[in-house]
Amino acid sequence: MSTEYDFSAIEKQWQNYWESNKTFKAEDFSSKPKYYVLDMFPYPSGAGLHVGHPEGYTATDILCRYKRMRGFNVLHPMGWDAFGLPAEQYAVETGTHPSITTDKNIDTFRRQIKSLGFSYDWDREVNTTHQKYYKWTQWIFIQLYNKGLAYIDEVPVNWCPALGTVLANEEVIDGKSERGNHPVIRKPMKQWMLKITEYAERLLLDLEELNWPEGIKEMQRNWIGKSSGAEVDFKIDGKDVSITVYTTRPDTLFGATYMVLSPEHAKVMDITTPAQRAAVEAYREHAARMSDFERTELNTEKTGAFTGAYAVNPVDGRKIPVWISDYVLASYGTGAIMAVPAHDTRDFEFAQKFDIPVICIIEPDAKDAASDGVNTADVLAGKACWTGNGKMINSANDAGLNINGLEVKESKAKTIEWLAARGIGKGTTNYKLRDWLFSRQRYWGEPFPVIHMEDGSIRLVPENELPLTLPEMDDFKPSGSGESPLAKAEKWLEYVDPVTGMKGRRETNTMPQWAGSCWYYLRYIDPDNSDRIFDPAKEKYWMPVDLYVGGAEHAVLHLLYARFWHKVLFDIGVVSTKEPFMRLVNQGMILGMSYKNAHGILVPNNLVEHTPEGPVDTRTREVLEEFPAKMSKSLKNVVNPDDVISEYGSDSMRLYEMFMGPLEAVKPWNTKGVEGVYRFLKRSHRLITESTIEDRAMTPEELRTLHATIKKVSEDTESLGFNTAISQMMVFVNEFSKVATLPLEAAETFVKLLAPYAPHLGEELWECLGHSQTLAYEPWPVFDEKYLAVAEVEILVQVLGKPKARIMMPTGIDEAAMEKMALENADVLKAIEGKTVRKMICVPGRLINLVIG
RNA sequence: GCCUGGGUGGCGGAAUGGCAGACGCAACGGACUUAAAAUCCGUUGACCGCAAGGUCGUGUGGGUUCGACUCCCAUCCCAGGCACCA
C-alpha cells in the first residue's frame, strides 16, 4: 500500500478504468428516476481550456456523481460548439481548412476536459460541425420555414468590411465588431430573418415557471420589453393622410404639442410641404448616413426637421406641427409618436431646443415631487418635465372625454375606451424584441438548405437529401461583395431541377453560430440517430433538462434563442415540454490576480516579484497593489489548468475551484489556495492509508462528527453549496486525525462523501479499503439525527445583549430551569449586581438574555 | 439614467433574527531535520491592559427588536446588464 499521495498515477489509473468500463454510460430508459444535467458546451478555441471552464463543469460533475449514488439515472454529456469565425479567419490567413483547425482544437479541449476526470458519457459527444449533426440543424430550419417563421428581408445590417461579414446587433459593441474590434457600418442586404417576435408573449409568460436566477429572468423580460399602450390615428390637416402613433401614455393626449416621425417613416414625403422639402430631405440623408451607434452616441443633443405639415389632435382638434427626428426609431411601434414634452424627458428636450410649447396636464403628486426634488410650480408652468404620478388637469373635451382629477392609470383606460368607441385608436401591446437576423456571410457555418430559382421562387432542399454539405474550398476569403466565400464555389452553387430543367443558385449565406447551440441538448438524447432528429420516446424520457449550468454571458441571447426553437419544436410536436431548461445556474467568473502601481498603471504579472514587503515591480522596485481583474493575455494573469493539474493533480484543481467561494460569485484565483486543498487531500489520503483501521463501535463524539459531516455534505451538495461541504470534510479529517484507531465505518463513509469532489482519490481510497468495484454507484451515506443530539449544551447568558457567561445545561431543559441556572451563576450575578432583572428572554438550546435596569 | 447582484480580518470566504470571522490562505512562534522541503503543534479582527478583563467592530447614517451581518428606510461605493423602445 502506497503511503505517498501519488496523484498523477492515481488519476491516470482511474481515468483509464472509467473509460474502459464505460462507468458513466447513461442508460436510455431505466426504473431509476432520471436526472439530466447539462453544461454549456464550449467553443473550442485555439487557446485551450481556461480555468473558467472547469468551474461549471466541476460543479455539475459533483452533482452528477452525487445523484448517481443517490440512485438517479444521470445524463451528463459534453460536446462542441465548433462553427465560428476564428477558425475561418485562420483559414483566410493560412489556407488551413477550418475543419482541420477545429478538430485540432477539439482534441486539445477533449484531452484537457478528460484530464479533470469528469463523468461524462462520451458516447454521446456531439459536434455542431459534423454533417450528421448539422443535417438536423438544417432540418429544423426547414421546419421553421414551413411554419412561416423564416423569411428573407432587405434590412440594413451591421456590415463589417474588415471581417467581410454581417454581424448581429449583439456582436457589435460600441460600433465595433465584438471580435477584432473593427468598424461596423449599416448596409442594406437581403437576409434570412426568424420571426422570434411571434413568440414574444410566450417567451415572456413562460419565464414564470422556470427556476432560474431572478436577475436572468429580468434580463430576458427587459430584452423582450413588453409595453402596453395605444395606437392613435392623427389626421394630417389639409391632406387625405392620417398617421398612427404608438404611445404608452394615451392619458397625455391633451398635452401633445407636436408629432414626430422617424426619418425613415413611409409617409414623410407625402406630408412634407414644398417649402420644407429641402430641409427634410437633407435631414433624412443625414440620418441614413449614421450608424445605429452614432445615433445613440450623440443622444444628448436632439436634432430634427419640420415637415411643414400639421396633425390634428383627435381629442381636442388642435393643430400640432409634425417633425421628423432620429430619436424616433422606425423599427419600434409605428415609427411615429405624439410628443408630450410636459411629461416625457426626451420630448421635453426636443421642445426646448426647437421652442415648441409645453402644456402641463398632470399636477405632480406632491409627495413624489418633493422626494424627486421637482418644483411643482415649474411643472405647471411648463418649465419642467414630470414623468411621475399625479392628477390630470386640462384634460377634457366637449365630445364626452373628461379625465380631469383622475390618476394616470384610470385615465389611460378611459382614454383608450373613448378612442376605440370612435374608431380612431385602440389599446395595443408592443415588444422591443426584434426578429432574429439569421444569416452570416461566412464559410464556416451551416449552409441553408435553400435554392433561389431562376423565376425568383425559393425552393428548399428535400429533407431526404439533407445534409447539404459545405463545398471543399481552398480560398476562404470573403467575396468582397458582401456575399460569403460560398459565392466562389461555382459548381456547388449551380442547381438544375432534374424534372423541369429550371436553373437555380444555392443560398450563399450560412447560419450563425447560435443555430447549432440552439438544440444540442436534444441531440445528446439520441446522438447517432440517422433517421430522425431523435427518438421521441427517448426525448420524453430525458427531457426537460433538470439543471443547466453556464456563464451569465449567455443570459439573454443563447437562452432566448434556444427557448424560441424549443417552443417551435413543441408546437410541431417534436418535443414534449414547452421549456427546455427547468433550472439554471450561472457560475461566476474567475478573475486573475493583477497588480497596479500608485498611479494606477497596470503591471503585467511577469514583471512582479513577491517580497516580504508585498508585490514589487521588478523594474522600479515600487511596491504594487494587488487586485483581481479579468484574465487577459496583456496582464499575463491567465491561469492554465494544465499547469495546475501537473503540479497538484486534477482532484486538487476541482476541489480548489469549488472551495473558492459560492459557485455563482465572481472570485479571484489564488494559486496558494490550491496548496491548501492539496494538503487536505494529502491528509485525507494519509488518514485512510496510514491509520490503523478497526471495525469498532464509535464513541458518541465520533458518531456526532461523522453524522454532522454526512448531513452537511449531503445538504450542501444538493444545494450546490460546495465550498461549505468541503470545509465540513476538512473538519472531519481534522477531528479523525486525532483518534488512535480509525473506525471502518467512518473511513468508508468519508470516502463516499469525498468521492464526488475528488473522484480519483475517492476510487483509490475505496480500493484501499478492500473494495474491487467502483464506488460510483455505491449508496450515498444517510445520517441519523439521533447521533447529532448531545446531552449537554453550552447556553450563552447575555445581559442586555452582551455575552456574560457560558453555562453547560442539559438538553431539553425547560425555560424556568434555564433561568434558574443562569441566575445562580457567579459571573451573571456580578453582571446584574445592583440592578433589577426586568425581563428574561429564553431561546431553548441557545441562550438567555437578561434585560436589566 | 434604468434593471440585477454585491460591500464582513492582511486575503478567499462562513454564519434558520441568537456567542461575527467556521474552513482555507498568508503571517508569526515552536517541534522534527546537519540543513532545506514536507509534516506536525500553537498564536493570529482592532484597540487598552502585566493580567483578570474591558472597549470597538460586518461600506455609511437612521429605524424596528430583549437581541441585527441578517429585517425596514435613506445614502455611498463596486461589478454585470440595458439604454432615445414613446
Side-chain angles (χ1 to χ4, degrees), chain A residues 4 213-223 225-227 229 245-249 252 260 262 295-296 298-300 302 325-329 331-340 343-347 349-350 371 430-434 552-553 555-556 586 588-589 591 593 610 612 614 626 628 630 655-656 659-662 664-677 679-680 682-683 686 712 721 723-731 733-734 737 794-806 838-843 845-853:
Chain A
E4 272 287 286
E214 202 40 54
I216 302 293
K217 288 204 221 177
E218 194 59 26
M219 278 163 72
Q220 293 219 345
R221 285 189 201 107
N222 291 340
W223 193 264
K226 181 178 182 173
S227 74
V245 303
Y246 173 70
T247 178
T248 54
R249 297 293 303 271
T252 61
V260 189
S262 73
R295 278 199 182 191
T296 53
L298 306 168
N299 70 16
T300 42
K302 293 278 183 286
S325 172
D326 62 5
Y327 84 91
V328 174
L329 307 176
S331 51
Y332 184 77
T334 60
I337 62 155
M338 61 171 209
V340 185
H343 307 292
D344 181 287
T345 47
R346 295 151 304 182
D347 297 345
E349 282 168 23
F350 191 88
S371 75
N430 258 302
Y431 300 89
K432 283 196 246 180
L433 185 69
R434 310 286 171 77
E553 66 273 22
V556 176
N586 292 117
M589 205 180 352
L591 304 176
M593 203 48 92
H610 293 271
E626 207 175 51
K630 247 186 192 167
L655 211 57
Y656 175 63
F659 187 61
M660 289 169 85
E664 298 90 335
V666 175
K667 328 164 255 289
W669 179 272
N670 175 9
T671 300
K672 283 281 180 200
V674 187
E675 276 174 43
V677 296
R679 279 200 276 264
F680 161 68
K682 275 200 286 189
R683 298 184 66 193
R686 207 168 340 120
K712 184 120 183 90
N723 54 334
T724 47
I726 294 167
S727 57
Q728 181 61 39
M729 289 190 270
M730 288 173 168
V731 170
V733 170
N734 291 345
S737 293
E794 189 184 77
I795 301 292
L796 174 76
V797 184
Q798 296 182 327
V799 174
L800 290 173
K802 293 204 192 301
K804 291 293 171 189
R806 288 165 182 85
R838 301 202 182 280
K839 199 174 168 185
M840 285 195 275
I841 290 99
C842 257
V843 182
R846 290 220 180 246
L847 58 74
I848 302 174
N849 191 9
L850 306 183
V851 186
I852 58 169

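Only this structure's heavy atoms are used, side chains among them; waters, hydrogens and symmetry mates stay out. So that the names make sense, note that chain A is the first sequence line, chain B the second, and so on, each numbered from 1.
Nucleotide B:rG1 holds its C1' atom 17 Å from the OH atom of A:Tyr327, rounded to whole Å. In this structure, CZ of A:Arg846 is placed 7 Å from P of B:rC19, rounded to the nearest angstrom. Note: CD1 (A:Ile848) to C1' (B:rG18) measures 12 Å, nearest angstrom. Remark: P of B:rA26 and OH of A:Tyr656 are 11 Å apart, rounded to the nearest angstrom. Taking atom NZ of A:Lys217 as the reference point, atom P of B:rG5 lies 12 Å away to the nearest angstrom. Rounded to a whole Å, the CG atom of A:Leu591 is 12 Å from the C1' atom of B:rG12. Taking atom NZ on A:Lys672 and atom C1' on B:rC11, their separation rounds to 13 Å, with Å as the unit. We find that CD of A:Glu553 is positioned 12 Å from P of B:rC82, with the value rounded to whole Å.
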From CA spacing to verdict: side chain to side chain contact (heavy atoms under 4.5 Å, CB included), A:Thr671, A:Tyr656: CA-CA 9 Å; A:Thr671 300; A:Tyr656 175 63; over 6 Å; no
Determine, step by step, whether A:Leu800 and A:Leu850 satisfy the side chain to side chain contact (heavy atoms under 4.5 Å, CB included) criterion, reporting the C-alpha distance in whole Å, the side-chain angles of both residues, the deciding distance to 0.1 Å, and the verdict. CA-CA 6 Å; A:Leu800 290 173; A:Leu850 306 183; over 6 Å; no
Stepwise salt bridge (charged side-chain N to carboxylate O under 4.0 Å, His left out) test for A:Arg221 and A:Glu214: CA-CA 10 Å; A:Arg221 285 189 201 107; A:Glu214 202 40 54; 3.2 Å; yes
Begin from the C-alpha positions of A:Lys804 and A:Gln798 and carry the test side chain to side chain contact (heavy atoms under 4.5 Å, CB included) through to its verdict. CA-CA 5 Å; A:Lys804 291 293 171 189; A:Gln798 296 182 327; over 6 Å; no
Between A:Glu664 and A:Asn586, does the side chain to side chain contact (heavy atoms under 4.5 Å, CB included) criterion hold? Intermediate values first, please. CA-CA 6 Å; A:Glu664 298 90 335; A:Asn586 292 117; 5.8 Å; no
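Taking only side-chain atoms of A:Asn849, from C-beta outward, the nucleotide of B:rA86, B:rC84, B:rG18 with the closest atom is B:rG18. Comparing B:rC19, B:rA26, B:rA14 by their nearest atom to the side chain of A:Thr724 picks out B:rA14. Counting only heavy atoms from C-beta on, A:Met730 has its side chain closest to B:rC23 among B:rC23, B:rA26, B:rA86. For A:Glu218, the side-chain atoms get nearest to B:rC3 when compared with the rest of B:rC3, B:rA86, B:rG18. In this structure, the nucleotide among B:rC25, B:rA22, B:rG12 sitting nearest to the side chain of A:Ser727 is B:rA22. Comparing B:rC84, B:rA86, B:rG18 by their closest approach to the side chain of A:Ile337 singles out B:rA86.
Side chains of A:Trp223 and A:Lys432 form no contact here, defined as non-hydrogen atoms less than 4.5 Å apart. Inter-residue side-chain proximity for A:Met338 and A:Thr252 is flagged as met; some heavy-atom pair is nearer than 4.5 Å. A:Ile848 places none of its side-chain heavy atoms less than 4.5 Å from the side chain of A:Val843.
Applying the Watson-Crick and G-U wobble criteria (two distances, each under 3.5 Å), B:rG18 pairs with B:rC66. Across the strands present, B:rA38 finds no partner; the criterion is a Watson-Crick or G-U wobble pair with both atom distances under 3.5 angstrom. Checking B:rU58 for Watson-Crick or G-U wobble geometry (two distances, each under 3.5 Å) identifies no partner in any strand. Nucleotide B:rG49 forms a pair with no other nucleotide shown, judged by Watson-Crick or G-U wobble geometry with both contacts under 3.5 Å. Across all strands shown, the partner of B:rG1 is B:rC82, judged by Watson-Crick or G-U wobble contacts whose two distances both fall under 3.5 Å. Nucleotide B:rC23 has B:rG12 as its partner under the Watson-Crick or G-U criteria, with both atom distances under 3.5 Å.
Going from the C1' atom of B:rC28 to that of B:rG80 covers 40 Å, rounded to whole Å. For the C1' atoms, the distance from B:rC3 to B:rC25 is 36 Å, rounded to whole Å. Between the C1' atoms of B:rG57 and B:rU34, the separation comes to 48 Å (whole Å). Between B:rC73 and B:rC78, the two C1' atoms lie 22 Å apart (nearest whole Å). On the C1' atoms, B:rG21 is 9 Å away from B:rA15, given to the nearest whole Å. For the C1' atom pair drawn from B:rU8 and B:rU60, the interatomic distance equals 15 Å after rounding to whole Å. Look at the P atom in both B:rG49 and B:rU55: the space between them is 16 Å, to the nearest Å. B:rC71 and B:rU16: their C1' atoms are spaced 14 Å apart (whole Å).
For A:Arg838 against B:rC66, no side-chain N or O and base N or O form a donor-acceptor pair under 3.5 Å.
Among the protein residues, A:Pro213 comes within range of no part of the nucleic acid, since none of its heavy atoms lies under 4.0 Å from any strand. Contact annotation for A:Val843: base contact, defined as any heavy-atom pair under 4.0 Å involving a base atom. Within 4.0 Å of A:Gln798, counting heavy atoms only, lies at least one base atom of the nucleic acid.
One finds no side-chain N or O of A:Asn222 lying less than 4.0 angstrom from the OP1 or OP2 phosphate oxygen of B:rU4. Side-chain N/O atoms of A:Asn734 include one lying less than 4.0 angstrom from OP1 or OP2 on B:rG24. Using a 4.0 Å cut-off, some side-chain N or O of A:Tyr332 falls inside it from OP1 or OP2 of B:rA86. A sub-4.0 Å separation between OP1 or OP2 of B:rU39 and a side-chain N or O of A:Lys682 is present. Using a 4.0 Å cut-off, some side-chain N or O of A:Ser227 falls inside it from OP1 or OP2 of B:rA86. For A:Lys839 and B:rC66, the shortest distance from a side-chain N or O to OP1 or OP2 is below 4.0 Å.
Among A:Leu847, A:Leu796, A:Val797, the single residue meeting the side chain to side chain contact (heavy atoms under 4.5 Å, CB included) criterion with A:Arg806 is A:Leu796.
In this structure, A:Gly661 and A:Ile841 both approach RNA chain B, and ranking their closest nucleotides by distance from the 5' end singles out A:Gly661. For the pair A:Val556 and A:Leu796, nearest-nucleotide mapping onto RNA chain B gives the more 5' position to A:Leu796.
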Dump the pairs, protein N or O against N or O of nucleotides 6-9 of chain B, anything under 3.5 Å, distances to one decimal.
none

Between N or O atoms, less than 3.5 Å apart, protein on one side and nucleotides 40-46 of chain B on the other: list the pairs.
unit_1 : atom_1 : unit_2   : atom_2 : d
B:rC40 : OP1    : A:Arg683 : NE     : 3.1

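With hydrogens and angles left out, the side-chain atoms of A:Tyr327 and A:Asp347 include a donor and acceptor closer than 3.5 Å.
Distance check, rounded to the nearest 0.5 Å: CG of A:Asn723 to NZ of A:Lys667 gives 8.5 Å.
Note on ring orientation: taking the six-membered ring where Trp is involved, the planes of A:Tyr246 and A:Tyr332 are perpendicular (angle over 60°, cut-offs 30° and 60°).
Glycosidic conformation of B:rG9 is syn; the angle stays within 90° of 0.
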